[in-house]
Structures are given as C-alpha cells and as structure tokens.
Amino acid sequence: MTRPFIAITGGIGSGKSYVCRLLKKRGIRVYDCDAAAKRLMRTSAPLRQQLRQLVGPQVYRGCILQKRVLAEFLLASEQNKQAVNDVVHPAVARDFMYSGYQWLESAILFDSGFHRRVPFSKVVCVSAPVEVRLSRIMARDGISREKAMEWVGSQMPQEQVEAMSDFVIENDGATPLEPQIERLLAAVSTP
C-alpha cells in the first residue's frame, strides 16, 4: 500500500515553516517545494533547456541561473508567470513523487494549481490573522508594512485556502500548536 501524500500550505507569514520544523522534531520529513524548485533549476539539464527555450538563452550563464533575467520575464506578464510554472511545477511534482517524502510544503499550493499535480489525501492550511502575518513578514524581511501587505495581497485569500483545505492549524501566536499537531497527526493516520 502506498502512503498518502499530505500537503502543508498557507500564506506568507502564516508560519508554515515553523510548523514544518515542529513536525521534523517528531521525525516527519517535509519536502520544501521552493527549495526543490531552486535546486532543480540549478541541476536539471532538461529543465534548464526548457527554461532557455521559454525565456531565452540569457536565462542561464553556463549552468548558472540568472535570477534577474528570470524575474524580469516572470514580472512582465501573468502569461509569462504561468508559462514558467508550467515548466517548473511538473518537474517539482515528479521530484516529490520519487523523493520518498510523504509530506510537502508549498505556499502557493492552490494558487499555482500544484494540488492537481499530486494526489494529496489531505491538505493542511497553516493560518494566522493578517496583522500577525504582516508583523512576521516585516520583522523577518525588514520591509515596510506596505510591501508586506502587497505580498499578502498577491496570494490567494487565506479564507479561500482554509475552505479548500482538510485541516487548519491556527498559528496566531496564542493558540498552542502542539495539541493541534497531535490532532493533525491523528487525523492523517486514520484512513
């Protein structure tokens, strides 16, 4: 029997990575989609070739990704962003499926349509009030409130992500996380 795949998602500043660290302390390895995408864009020759064809040969200097060139292409249009996602996300999904990991972390699981690329049995949303999220983002990244609000506003609304998820972990800084993680682990271990 194959093990079920479980996705952890939530908007920027919700505390997904912190929840994943708590899971790691319990021996649960969580696949990081962002880190995997960066690694694959560096190491996968087929992915590099697809990006060169899409963006242009200047997107790589040798095997080194030119982040500025890719960022300019991404920001030029929604179509460009989707085209890059259509190249990178299938590679990340394949990598995850063969990684041996059961758990996956993705900030834009629903925004990107990644949830349709992998047969997840459960989706967990890590949620926090917008003011808490803004404070975390500003402190972590040293940016203005306006820039933090722009980042939050660029993602799918948290309420929508919660509604599409099977389980919500409230990471508001006041509600204890450990009992919620216990409930989550109990929920995912029962078919």
Side-chain angles (χ1 to χ4, degrees), residues 1-40 89 92-145 147-191:
M1 180 178 150
T2 59
R3 297 185 310 168
F5 293 127
I6 299 150
I8 299 175
T9 192
I12 186 170
S14 64
K16 289 177 308 303
S17 297
Y18 181 70
V19 168
C20 289
R21 284 194 298 276
L22 293 177
L23 289 167
K24 186 176 181 181
K25 286 182 180 178
R26 293 166 177 264
I28 297 170
R29 298 179 320 138
V30 181
Y31 181 96
D32 181 333
C33 278
D34 287 345
K38 290 173 187 167
R39 173 179 50 80
L40 290 168
H89 291 171
V92 173
R94 275 190 306 276
D95 189 65
F96 170 69
M97 296 290 285
Y98 291 103
S99 69
Y101 283 73
Q102 180 182 4
W103 296 68
L104 171 142
E105 174 188 358
S106 172
I108 56 171
L109 184 79
F110 295 122
D111 312 52
S112 67
F114 197 85
H115 66 293
R116 291 189 292 271
R117 297 186 187 280
V118 175
F120 293 107
S121 58
K122 297 272 191 250
V123 175
V124 180
C125 174
V126 179
S127 182
V130 71
E131 286 303 320
V132 171
R133 293 172 62 198
L134 292 171
S135 295
R136 288 175 181 161
I137 298 164
M138 291 185 296
R140 181 189 71 197
D141 298 331
I143 60 172
S144 69
R145 179 179 174 80
K147 185 66 175 170
M149 286 174 63
E150 185 180 320
W151 287 0
V152 168
S154 72
Q155 294 181 335
M156 183 180 283
Q158 183 170 262
E159 299 75 24
Q160 192 175 350
V161 175
E162 288 177 11
M164 296 172 75
S165 299
D166 301 296
F167 198 92
V168 176
I169 291 181
E170 183 61 42
N171 188 16
D172 58 10
T175 307
L177 289 172
E178 291 297 336
Q180 295 182 78
I181 289 173
E182 287 296 327
R183 286 193 297 277
L184 167 62
L185 294 176
V188 299
S189 68
T190 50

Item checked: Donor-acceptor contact present, side-chain R145 to main-chain M138, <3.5 Å -> no

Note to self: Check the orientation of F114 and F120. Use parallel for under 30°, tilted for 30 to 60°, and perpendicular for over 60°.
What the structure shows: tilted

Check: Would you call K25-E178 a salt bridge at under 4.0 Å N-O?
Finding: no

Notebook entry, point to check: Per the side chain to side chain contact (heavy atoms under 4.5 Å, CB included) rule, which among V161, V126, V124 passes with T9?
Noted result: V161

Margin query: Closer than 4.0 angstrom, basic N to acidic O: yes or no for R39 and D95?
Written below: yes

Check: Going by heavy atoms in the side chains, are W103 and V188 under 4.5 Å from each other?
Finding: yes

Notebook entry, point to check: Short question: side chain of Q155, backbone of I12 - any donor-acceptor pair under 3.5 Å?
Noted result: yes

Margin query: Could you tell me if T175 and E170 have a donor-acceptor pair between their side chains, going purely by distance under 3.5 Å?
Written below: no

Margin query: Rounded to the nearest 0.5 Å, what separates atom OH in Y31 from atom CD in E105?
Written below: 12.0 Å

Next item on the list: Of all the heavy-atom pairs spanning I137 and G13, show the shortest one and how long it is.
Entry: CG1-CA, 3.9 Å

Margin query: Please check this pair: side chain of D111 against backbone of M156, looking for a donor-acceptor N/O pair closer than 3.5 Å.
Written below: yes

Notebook entry, point to check: Counting only N and O atoms by type, is there a donor-acceptor contact under 3.5 Å from the side chain of Q158 to the main-chain atoms of G10?
Noted result: no

Item checked: Candidate pair N171 and V132, rule side chain to side chain contact (heavy atoms under 4.5 Å, CB included), full reasoning -> CA-CA 9 Å; N171 188 16; V132 171; over 6 Å; no

Margin query: Just verifying a value: how many Å separate I28 CD1 and I6 CD1, rounded to the nearest 0.5 Å?
Written below: 7.5 Å

Next item on the list: Report yes if the side chains of S165 and F110 come closer than 4.5 Å at any heavy-atom pair, otherwise no.
Entry: yes

Next item on the list: Ignoring hydrogens and angles, tell me if any N or O in the side chain of S121 forms a donor-acceptor pair with the backbone of F5 under 3.5 Å.
Entry: yes

Note to self: Is the shortest side-chain heavy-atom distance between R21 and S17 below 4.5 Å?
What the structure shows: yes

Next item on the list: Give the minimum heavy-atom separation between H89 and S112, together with the two atoms involved.
Entry: CE1-CB, 3.2 Å

